[in-house]
Number of protein chains: 2
Amino acid sequence: MVKRTSFEHDDCPIARSLDAIGDWWSMLIIREALFGISRFSEFQKRLGLAKNILTVRLRALVDQGILKTAPASDGSAYQEYLLTLKGRGVFPILVALRQWSEEFDEHPEEIATILVDKEKGKPVRKLELYSQDGRLLSAGDTALKPRAVVKQGGRLTA
Amino acid sequence: MVKRTSFEHDDCPIARSLDAIGDWWSMLIIREALFGISRFSEFQKRLGLAKNILTVRLRALVDQGILKTAPASDGSAYQEYLLTLKGRGVFPILVALRQWSEEFDEHPEEIATILVDKEKGKPVRKLELYSQDGRLLSAGDTALKPRAVVKQGGRLTA
DNA sequence: CAATCTAGTTTAATAATGCAACCATAGGGG
DNA sequence: CCCCTATGGTTGCATTATTAAACTAGATTG
């Protein structure tokens with residue numbers, strides 16, 4: 001690679017998200033964390049990834065404020081990894097990924113679980129995107145607008 | 001890597017999606033395609049990725065039925081890459097990624113664009129997840145249920 | 001018909017990933 | 001106190017992926 005491309009300071013928010021959590025393991029670690037997994041060894045067992053990789057990923061997630069370490073909680077003298085607010089904010093992304101598989105995968109019969117609402121136990125609806133005045137939007141109904149920014153000099157830039 | 005782990009036949013739909021489009025470039029290629037980009041050189045210019053990688057990614061996306069090649073359209077004798085229905089279905093994932101950055105990024109002032117609805121030009125709302133009976137759900141209101149599957153033998157499995 | 005554009009392929013270097021083996025600390029048994 | 005196991009890593013090395021840059025070959029343009 002001669003240096004792997006970083007999107008950390010890209011002006012596209014999608015690229016920025018991908019830079020933060022856009023690899024297989026980070027996303028799956030957050031998925032497990034949302035299930036309540038918090039211990040190093042539990043992550044390692046459930047995901048089956050190499051421990052050194054887990055170490056690196058956990059550290060990166062902590063550095064980015066997606067996970068935080070807590071001294072313990074279940075009595076044992078070890079630490080645990082807990083989601084921050086930012087980390088819990090990844091939930092819609094995971095739901096979107098899940099629903100894409102459910103809708104388009106060629107072997108949906110291999111999918112083992114369904115996302116349901118706790119209260120009724122029924123499958124959730126598809127994620128919906130609305131305009132401010134309440135119209136349901138699809139990709140074609142949207143556009144990108146440059147964010148108007150007033151810089152120090154007072155000039156208007158994109 | 002000694003063979004990168006594949007999630008192609010994982011039973012988790014999130015893992016399956018990640019296996020298909022869970023790398024930086026694939027996601028960004030689809031983003032560009034949603035903007036109407038369809039030519040090899042355009043993708044390469046806009047994303048700034050190495051051409052060999054673009055070749056591999058485009059081929060993988062076509063193999064997976066996310067893009068399809070069409071013989072031409074603007075007269076020139078070259079081919080173009082177009083999104084399939086499955087490809088356009090990635091849109092909510094990209095919206096979720098975008099909104100996560102918008103909400104949690106530490107330098108939101110570096111984000112250059114806003115997603116608006118075409119009709120009014122106003123920013124869209126956050127993606128919303130509803131239960132079948134219309135309640136707005138957050139992560140804590142949901143659970144995973146094993147998908148009941150009736151196998152050949154007639155036994156019920158998870 | 002020479003120059004340039006398109007859509008790649010090839011090559012060589014560098015970076016990331018994975019496996020396995022090792023290490024340090026805590027707690028428990030004897 | 002000594003040995004054993006579990007937790008939470010670290011280190012080394014082999015393999016694989018990504019990249020930039022050079023090269024091709026057909027299509028288009030001047």
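Values reported hereafter were calculated over all heavy atoms of this structure, with side chains retained and with hydrogens, waters and symmetry mates removed. Here is how names work: the chains are called A, B, and so on, in the same order as the sequence lines, proteins then strands, and each is numbered from 1.
At least one side-chain nitrogen or oxygen of A:Gln79 sits closer than 4.0 Å to the OP1 or OP2 atom of D:dG9. Phosphate proximity of C:dG8 to B:Thr55: absent, as no side-chain N or O sits under 4.0 Å from OP1 or OP2. Residue B:Tyr81 places at least one side-chain N or O under 4.0 Å from the OP1 or OP2 atom of C:dG8.
Distance CH2 (B:Trp24) to C1' (D:dA17): 9 Å, rounded to an integer number of Å. A:Asp23 places its CG atom 15 Å from the C1' atom of C:dA15, with the value rounded to the nearest Å. The distance between atom CH2 of A:Trp25 and atom C1' of C:dC19, rounded to the nearest whole Å, is 13 Å. Atom P of nucleotide C:dT17 and atom CG of A:Leu47 are separated by 15 Å, given to the nearest angstrom. Look at CZ on B:Phe40: it is 17 Å from P on D:dA25, rounded to the nearest Å. If you measure from atom CD of A:Glu80 to atom P of D:dG9, you get 13 Å, rounded to the nearest angstrom. Put simply, CD on B:Glu42 is 8 Å from P on C:dT6, counting in whole angstrom units. Look at CZ on A:Arg39: it is 10 Å from C1' on D:dA6, rounded to the nearest Å.
The 5' end of DNA chain C is approached more closely, in terms of each residue's nearest nucleotide, by B:Arg59 than by the other of B:Arg59 and A:Lys51. Between A:Asn52 and A:Leu58, it is A:Leu58 whose nearest contact on DNA chain D lies nearer the 5' terminus.
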Item to check | side-chain contact (heavy atoms from CB on, under 4.5 Å) evaluation trace for A:Glu119 with B:Asp141 | outcome: CA-CA 7 Å; A:Glu119 211 178 300; B:Asp141 302 320; over 6 Å; no
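At a threshold of 4.0 angstrom between heavy atoms, the contacts of B:Phe43 with the nucleic acid are absent.
Residue-to-nucleotide contacts include a donor-acceptor pair under 3.5 Å from the side chain of B:Tyr78 to the base of D:dG26.
Remark: aromatic rings of B:Phe43 and B:Trp25 are distant, center separation not under 6.0 Å.
Within a 6.0 Å radius of NZ in A:Lys126, other residues, nucleotides and ligands contribute more than 12 heavy atoms.
Between B:Lys86 and A:Trp100 there is a side-chain heavy-atom pair separated by less than 4.5 Å.
Atom-to-atom distance recorded for A:Ile29:CD1 and A:Arg46:CZ is 12.5 Å, nearest 0.5 angstrom.
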